[in-house]
2 protein chains.
Amino acid sequence: MTPRPPTPPAHPAGAPDPSGSDRDDLRRRNLAAVLHAVHLRDGSTRADLTRETGLHRSTVRALVAELVRAGIVTEDLAAPSGGVGRPSPRVHATDATRVLTLHPELDATHGALVGLGGRVLARARVPHDAPPTPDDALAAARELRDRLAPTGPLRGVGVAAPGLVDRRTGNVVVAPHLGWRDVPLGPLLAAALDAPVTVDNDANCGVVAEALFGAGRGARAVVYLNGGASGIGGSAADGGVLTVGAHGFGGEIGHTLVRSDGHPCHCGADGCLETEVSRARLLAALGDVPASELEPTLARVVAARPSTALAEIDRQLGYLGVALRTVVNVLNPERIVLGGFLAALVRTRGTAALDAHLARALPGARDDARVVTAALGADLLAVGAAQLVLRDVLADPLSTGR
Amino acid sequence: MTPRPPTPPAHPAGAPDPSGSDRDDLRRRNLAAVLHAVHLRDGSTRADLTRETGLHRSTVRALVAELVRAGIVTEDLAAPSGGVGRPSPRVHATDATRVLTLHPELDATHGALVGLGGRVLARARVPHDAPPTPDDALAAARELRDRLAPTGPLRGVGVAAPGLVDRRTGNVVVAPHLGWRDVPLGPLLAAALDAPVTVDNDANCGVVAEALFGAGRGARAVVYLNGGASGIGGSAADGGVLTVGAHGFGGEIGHTLVRSDGHPCHCGADGCLETEVSRARLLAALGDVPASELEPTLARVVAARPSTALAEIDRQLGYLGVALRTVVNVLNPERIVLGGFLAALVRTRGTAALDAHLARALPGARDDARVVTAALGADLLAVGAAQLVLRDVLADPLSTGR
DNA sequence: GTCGATTTGTTGTCATGCAAAACATATTAG
DNA sequence: CTAATATGTTTTGCATGACAACAAATCGAC
């Protein structure tokens, strides 16, 4: 394969950009198809890959050989599969493809090293005494890079930022809790770490992770709603690809109208979902228990007799249902993945209240929608942020990424 | 290119579509790239095509030659372009690629014959005395086929149905105004007309048409809202591709909550956009003028002193703004295309009321959104329905479609 | 155990589709 | 009229995936 210039960034997702393809593109696409299959199911046999790609045995052999030569995958000759015929070697992703992920938060910046298949290889965190400034975040990023990946190649850096992000430029338009406005985080980090950087909203990272490796696995359209300390983040994906509009600002289901005479929201509007459904109000209704005690307390309240606390639980679930009805009508998701305290609400109180609202969505859409709780735990954002970088790696496996 | 068997249906049901590509795929993709460019801009020069596809001159020459041989395009040697250098022949789509489109409505079934480039070659309609039953629609379809395309090949049939449609199966889940429930319109028409049939919701057809050839041209994410006699239809697309969820039931912005204490909607919920914003209420406020007089009457009312009618106009625009704020937060569109009486409202009263609401959407998304009125007229649904079929033609130009 | 059936790996050959090179042609600028 | 420029045309080369033929490894039947 002829060496090509800096690798054009894979097609800006979604656009049916039917540009022509040369033979290198063909090879690249087939390498990508093979590696993608390994990414989604590590340890696939070469015969599996032949079936999944539809390519010829000899072609798959050559493609895998090239990936082996590049050090991206290995072939495992011990293959005691269960079937007639000559056994097929299993193909495993190596740890050579490594992505650094970053997630700046109020009290700390979290880092992780993630490989193909969404495998988290290492984790670390840099605590912050005060909300980090952009400079603090850059310093934390350098430290995390040095601790997690002091040597060896890094295919890229994926950042899950708690705010509105222009995913094409890596610009953080606003991150309310951090107090950031118009911070070109992507370019800053790219310069600081000397590596390709992808920045996206944390909810966007979350939905991609859940869609590919979590509770949304196998579903087409997936909606993700996360209940956090400071609000409700949301995002949407279809087939593992974000469906969040022109600049990726969409998916903000937390600011759906649920109540005409509702309280003013910090966003400037009134009656948003996240003014009616909030962790703070829930904790208050539960008697100001600490956030760590939320779910056990919810379980106790639900098990006991009706109470004002239970009324608050049901009130919040009711408004969540109102928002979800609109969301189902507009997005027709197959899965609605709830995280954070929203998941705790549903796990302890059930989905009956939500289902009652969803039953009033339009026919068709209401029959597709299923409410589930998030399956990925603490690694959610790391897996999602890594996937944003890995998508480019998968699209062009042999590019060096530099 | 080796003659391939009857062209495997786009996605052989069941088998996960093979992700690998052979050389035939390469050729097909490049033919598709060339034809797509001609589809979007008829009369492109071969040099244009070379630039747009990124392929080599000699390759484009071969590809165009193959399309000419297949009778899909012609080359126009008279090319008085304006620039230095040898003139490049223009490439035009022929009328050999023809799609029959159908749009069943209460009083008539509309038909059209549409070619590449969204060119409407002919129109016809079959009136109905009473709301058409599925059988009536089939009979009308046969008549329209015989009148519009008595001879010659037909690449497919595209149907814009006024109701909820499972676009994958061609099943009309429910069409309230026609009184249909669970009508397998796609298979029925395919059998009746002996041609490949694609069925989709009329709003979905509308957004595709406006996105590719109308007011959404050039924008990525486009939202479409059409105000009709019986409600508000909506849909969304990104890059000309529908973003309407798992089964295509999404985009129903007409049933977004805009008022907690609103009237009950026929959909079963309360306070939907289309219960607050409706043509019937508007016409009533204007003194029961006929629908055909809507826009002139609106213009008169707006020009005159404030009145109760003007108040109703502003009330409706206000609720529309409420819905659009939610939509902007969730979908981050670049264009919001309004059709029907919604367009009339905006044309006569302006977008100030809407803009005030949109200004309260989240930063980022609110700056992307621009409200415009539909640019395509009566041919809207024909162009959109045809595009649904043409997409397959463009993906594999040399397949016969039969 | 041995043999046949089956599946997959391996190797060498072939066909094909795109790019590159070299030449030809048509238009504009001066 | 000449030079510059852009594009068309033709030929050649090469990369790549399919295919065919053979080899190897496993299972099941007897």
Side-chain angles (χ1 to χ4, degrees), chain A residues 1-5 18-34 44-69 73-91 396-398, chain B residues 1-5 8 18-34 44-69 74-91 396-398:
Chain A
M1 189 151 151
T2 54
R4 288 175 321 112
S19 252
S21 316
D22 59 13
R23 276 172 334 203
D24 280 358
D25 287 326
L26 182 62
R27 183 64 156 186
R28 202 169 319 128
R29 288 162 53 83
N30 286 339
L31 284 167
V34 167
S44 293
T45 67
R46 226 154 75 188
D48 290 336
L49 300 177
T50 301
R51 270 184 295 273
E52 280 176 53
T53 58
L55 299 169
H56 194 269
R57 274 180 294 174
S58 58
T59 306
V60 172
R61 171 188 143 77
L63 292 167
V64 171
E66 192 155 357
L67 292 174
V68 169
R69 215 175 314 132
V73 303
T74 55
E75 277 190 306
D76 170 4
L77 286 158
S81 78
V84 250
R86 178 172 174 172
S88 191
R90 294 186 178 284
V91 181
D396 189 4
L398 298 187
Chain B
M1 187 150 153
T2 54
R4 288 178 316 114
S19 45
S21 315
D22 58 17
R23 277 188 332 264
D24 278 359
D25 286 326
L26 182 62
R27 183 65 155 185
R28 202 167 327 147
R29 288 164 56 82
N30 286 341
L31 283 166
V34 167
S44 294
T45 67
R46 225 154 75 188
D48 291 335
L49 300 177
T50 300
R51 270 183 296 273
E52 281 177 53
T53 58
L55 298 169
H56 194 270
R57 275 182 293 176
S58 56
T59 306
V60 172
R61 171 188 142 78
L63 293 167
V64 171
E66 191 154 359
L67 292 174
V68 169
R69 216 175 313 131
T74 55
E75 277 190 306
D76 171 3
L77 285 158
S81 79
V84 216
R86 177 171 175 173
S88 192
R90 296 188 177 281
V91 181
D396 189 4
L398 298 186

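Chain identifiers are assigned alphabetically (A, B, ...) following the order of the sequence lines, protein sequences preceding nucleic acid strands; residue numbering begins at 1 within each chain.
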Whether A:Thr50 side chain and A:Arg46 backbone form a donor-acceptor pair below 3.5 Å: yes
May I have the distance from B:Asp76 (atom CG) to D:dG8 (atom C1'), rounded to whole angstrom? 15 Å
Proximal nucleotide (of C:dT8, D:dT16, D:dG8) relative to the A:Leu26 side chain: D:dT16
Value in whole Å for how far the P atom of C:dC18 lies from CD of B:Glu66: 9 Å
Judged by nearest nucleotide, the residue sitting upstream toward the 5' end of DNA chain C, B:Val60 or A:Arg86, is A:Arg86
Assess the side chains of B:Arg90 and B:Thr45: does a donor N or O sit below 3.5 Å from an acceptor N or O? no
Using OP1 and OP2 only, check whether a side-chain N or O of B:Arg46 sits under 4.0 Å from D:dT7. no
Protein-nucleotide distance (B:Arg61, atom CZ; D:dT11, atom P), rounded to Å: 10 Å
What is the distance, rounded to the nearest whole Å, between atom NE2 of B:His56 and atom P of D:dA6? 15 Å
Return whichever of A:Gly85 or B:Thr50 has its heavy-atom-nearest nucleotide of DNA chain D closer to the 5' end. B:Thr50
Using atom CZ of B:Arg27 as one end and atom C1' of D:dG17 as the other, report the distance to the nearest whole Å. 16 Å
Going by heavy atoms in the side chains, are A:Asp48 and A:Arg51 under 4.5 Å from each other? yes
B:Arg23 has an atom CZ; how far is it from atom P of D:dG17, in whole Å? 9 Å
What I want to find out is whether B:Asp25 reaches B:Arg28 closely enough, with some N-O distance under 4.0 Å, to be called a salt bridge. yes
Can you find a side chain N or O atom of B:Ser88 that sits less than 4.0 Å from OP1 or OP2 on D:dA6? no
Can you check whether B:Arg51 has a side-chain N or O nearer than 4.0 Å to OP1 or OP2 of D:dT7? yes
Output the rounded distance in Å from CD (A:Glu75) to C1' (C:dT8). 12 Å
Per the atom types in the model, does the base of C:dC18 pair as donor or acceptor with the side chain of B:Ser58 at under 3.5 Å? no
For atom CG of B:Leu63 and atom P of C:dT16, their distance in whole Å: 16 Å
OP1 or OP2 of C:dG17 sitting under 4.0 Å from any side-chain N/O of B:Asn30? no
From D:dC27, D:dG8, D:dA18, pick the nucleotide closest to the side chain of B:Arg57? D:dG8
Regarding the side chain of B:Asp24, the nearest nucleotide among C:dG17, D:dA18, C:dT6 is C:dG17
Determine yes or no for a side-chain-to-main-chain donor-acceptor pair under 3.5 angstrom, with B:Thr53 supplying the side chain and B:Leu49 the backbone. yes
